[in-house]
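Taking it in order: structure first as structure tokens, then the write-up.
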There are 2 protein chains.
Amino acid sequence: MSKAKLGNRLKVARAEKNLSQEELARLVGVTRQTISSVETGQYCPSALLAFLLAQKLEKPITDLFFIEGDEP
Amino acid sequence: MSKAKLGNRLKVARAEKNLSQEELARLVGVTRQTISSVETGQYCPSALLAFLLAQKLEKPITDLFFIEGDEP
DNA sequence: GCATATTGTCAAGTATACTTTTCAAATTGA
DNA sequence: TCAATTTGAAAAGTATACTTGACAATATGC
């Protein structure tokens, strides 16, 4: 796979909606640890999870995620 | 994970740009089989790959991918 | 008709997303 | 200050994304 990475602004967006990781996890159907791992950049979510997060946080997906270090 | 699925319009978007699966694969840094598998719905790409595809196909990511069968 | 390009698919392997369980630390509030 | 909530993180397991190599089928151009 491309060496680019995917950054995110999940933590802020979640805070704006006053949701705990636990609550957001339930909304999108994953575990709390998955939310935590994505927020702290441990791994890149699936496209499906990214879309679900955008939907539940009521933000455009491009506001939540962005490509970092592309090109090469 | 949520039981929702992610549909896509990749094949059309790629055709519009006159790219072969092979060429698109090179552009985003994956193999041809990966492109084929995503197009035929065998699996959901990572969010990173979805963003890269949108970038190289010059389409909004929400034009290329969409949630199917949400709610439950 | 022949050669080449394009695509679907399959099998086996590797990498990574996601789960489950668990512990510690920081935060909040009564 | 004590209890409850929230978060980070780690280890081990399962599921799925992605690779590599290969073969067949169709389409395209000469």
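Because the structure is predicted, anything quoted here is derived from the model rather than measured.
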Check: B:Q33 side chain, D:dG21 base, donor-acceptor under 3.5 Å: yes

To the nearest angstrom, the CD-P distance between B:E22 and C:dT9 comes to 18 Å

Of the candidates C:dT6, C:dC18, D:dT6, the side chain of A:L49 sits closest to C:dC18

**Message:** Quick one: does any side-chain atom of B:R9 pair with a main-chain N or O of B:D63 as donor and acceptor, under 3.5 Å?
**Reply:** yes

Taken to the nearest whole Å, CG/A:L48 to P/C:dT16 is 20 Å

query: Does C:dG8 have OP1 or OP2 sitting under 4.0 Å from an N or O in the side chain of B:K11?
result: yes

Considering only heavy side-chain atoms of A:S46, the closest of C:dT9, C:dT7, C:dC18 is C:dC18

Do B:K59 and B:E16 sit within salt-bridge range, that is, some charged N less than 4.0 Å from a carboxylate O? yes

To the nearest angstrom, the NZ-C1' distance between A:K5 and C:dA17 comes to 13 Å

In whole angstroms, the gap separating C1' of D:dA17 from CD of B:E39 amounts to 16 Å

Winner on side-chain proximity to A:V30, out of C:dC18, D:dG8, C:dA17, is C:dC18

When rounded to whole Å, the CE to P distance for the pair A:M1 and D:dT16 reads 19 Å

Judged by nearest nucleotide, the residue sitting upstream toward the 5' end of DNA chain C, A:G29 or B:S37, is B:S37

Closest of D:dT7, C:dT6, C:dG8 to the A:Q21 side chain is D:dT7

Is there a side-chain polar atom (N or O) of B:T31 under 4.0 Å from OP1 or OP2 of D:dT19?
yes

When rounded to whole Å, the CD to C1' distance for the pair A:E23 and D:dT5 reads 10 Å

Picking from D:dA22, D:dG8, D:dC18, the nucleotide nearest the side-chain atoms of B:R32 would be D:dA22

Could you tell me whether the phosphate oxygens of D:dT19, OP1 or OP2, come under 4.0 Å of any side-chain nitrogen or oxygen in B:T34?
yes

Atom CZ of A:R14 and atom C1' of D:dT5 are separated, to the nearest Å, by 13 Å

Any sub-3.5 Å donor-acceptor pair from A:N8's side-chain atoms to A:V38's backbone N or O? yes

Report yes if a side-chain nitrogen or oxygen of B:S36 is closer than 4.0 Å to either non-bridging phosphate oxygen (OP1 or OP2) of C:dG8; otherwise report no. yes

B:S36 side chain vs B:R32 backbone, donor-acceptor pair below 3.5 Å:
no

Step-by-step side-chain hydrogen bond (donor to acceptor under 3.5 Å, both in side chains) determination, A:S37 to A:T34
CA-CA 5 Å; A:S37 297; A:T34 294; over 6 Å; no

From CG of A:N18 across to C1' of C:dT27 the rounded distance in Å is 15 Å

